[in-house]
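One structure is given below, encoded as structure tokens.
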Amino acid sequence: MGRPGGEQFLSVEGLAKTYPGATEPVFDSVNFGITQGEFVCIIGHSGCGKTTILNVLAGLESASEGNVFMDRREVAGPSLERGVVFQGHALMPWLTVRRNIAFAVRSKWPGWSRAQVDAHVQRYVALVGLAEAIDKKPSQLSGGMKQRVGIARAFAIQPRMLLLDEPFGALDALTRGTIQDELLRICAETQQTVFMITHDVDEAILLADRILLMSNGPRARVAEVVRNTMPRDRQRATLHHDPQYYRIRNHLVDFLVARSKELSHGRAPVRPVEVSPGLEDEPAEPSPAAPSGAPTLRRIA
């Protein structure tokens, strides 16, 4: 499957958020775009406003400044065109898996018959490997199974965009890896457009086509856009065998450990660049002091 490209499907322009009583914004001048079928992760230290940005994209929260456009229409409130998977599963505990997902499906297609709804629900429950648990309630499921139900529910309404707020953060490594594989498979099958918050560098490298790096808050911004140069059919088991993996990972870790702090509180200017650290190409104007394997940079603002 080739990389997504072409015209921007989602456009974020000059986004800022200041909470009542605060003297400065959590983030400001946030600008980025996502093309249709693209998987984008955003990484940054706690307090930089990642979840607030996701909530604004979902229409669950309003920005203080700026605009969000999806398919050239302004996002002004919640919509079934955008599916959200939260950190917690957010399932209704008194309903079975089948009925939790059916509730969402009926909201999207109120004119469907019960048979149509049930067939649709069964398809998406099977897609996340939970066919045998379809008539169980959340209390009878493990944490990983509950998150799968949340993913199935989000996909079942066939949103034009999927928003994921650290959905695997509370899971053990084995379960998280299994669900990551499921997510990759489903996204490849559906060509889903995804915006995901994560604190896991390896998760971002596995899943994302591009990774947005946020400077520290307050006044956080998108400081770099890292392009994942590894093949899109990458797999968790073999990821570390590709030499590009280490160049990309080192670049992300270096940003989180050092550069994100340098960019905060005005200690260094935030001038967003697109970075391709997995490439061995030299920058267009290489510096004599540039280290071996320096990333390719392109100014984006």
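The shown structure was predicted, so the numbers you read here are calculated from the model rather than taken from an experiment.
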Review point. Does the side chain to side chain contact (heavy atoms under 4.5 Å, CB included) test come out yes or no for Gln192 and Phe155, once each step is laid out?
Key: CA-CA 9 Å; Gln192 183 70 61; Phe155 273 106; 3.7 Å; yes
Exercise for review: With side chain to side chain contact (heavy atoms under 4.5 Å, CB included) as the test, would you mind laying out the steps for Val40 and Val194 before giving the verdict?
Suggested key: CA-CA 6 Å; Val40 170; Val194 184; over 6 Å; no
Review point. Considering all heavy atoms of both residues, which atom of Ala133 and which atom of Leu141 are nearest to each other, and what is their separation?
Key: CB-CD2, 4.0 Å
Practice item. Starting at CZ of Arg99, measure out to CZ of Arg106 and round the result to the nearest 0.5 Å. Key: 8.0 Å
Review point. Would a line drawn from the ring center of His251 to the ring center of Phe255 be shorter than 6.0 Å?
Key: no
Review point. Tell me, do Leu213 and Leu252 make a side-chain contact under 4.5 Å, heavy atoms counted?
Key: yes
Check your understanding: Should the ring pair Phe32 and Phe195 be called parallel, tilted or perpendicular, given that the plane angle runs from 0 to 90° and is split at 30 and 60?
Key -> parallel
**Study point:** CD/Glu13: more than 12 non-hydrogen atoms of other groups inside 6.0 Å
**Key:** yes
Exercise for review: Look at the rings of Trp109 and Trp112 and say which category their plane angle falls in: under 30° parallel, 30 to 60° tilted, over 60° perpendicular.
Suggested key: parallel
Review point. Going through the distances and angles, do Lys146 and Leu91 end up as a side chain to side chain contact (heavy atoms under 4.5 Å, CB included)?
Key: CA-CA 8 Å; Lys146 291 172 186 175; Leu91 301 177; 4.2 Å; yes
**Study point:** Arg234 with Asp242: basic N within carboxylate O range, under 4.0 Å
**Key:** no
Check your understanding: Under a 4.0 Å N-O cut-off, is there an ion pair linking Lys108 with Glu81?
Key -> no
Exercise for review: Considering non-hydrogen atoms only, spot the tightest contact between Asn228 and Ala204 and give its length.
Suggested key: ND2-O, 4.5 Å
Exercise for review: Search all heavy atoms of Pro277 against all heavy atoms of Arg247 and return the closest pair with its distance.
Suggested key: O-CB, 3.1 Å
**Study point:** Nearest heavy atoms of Ala152 and Ile101, plus distance in Å
**Key:** CB-CD1, 3.8 Å
Study note, to complete from the structure: Scanning both residues in full, the closest heavy-atom pair of Ala154 with Pro159 reads O-CD, 3.0 Å
Practice item. May I ask you to test the Leu57-Leu10 pair for a side-chain heavy-atom distance under 4.5 Å? Key: yes
Indicate every side-chain donor-acceptor pair of residues 62-71 with a distance under 3.5 Å to a residue at least two apart or in another chain.
unit_1	atom_1	unit_2	atom_2	d
Ser64	OG	Thr18	N	2.8
Ser64	OG	Thr18	O	3.4
Asn67	ND2	Glu74	OE2	2.8
Asp71	OD2	Arg160	NH1	2.8
Asp71	OD2	Arg160	NH2	3.1

Study note, to complete from the structure: Pro93 and Pro138 have their tightest heavy-atom pair at O-CD, 3.7 Å
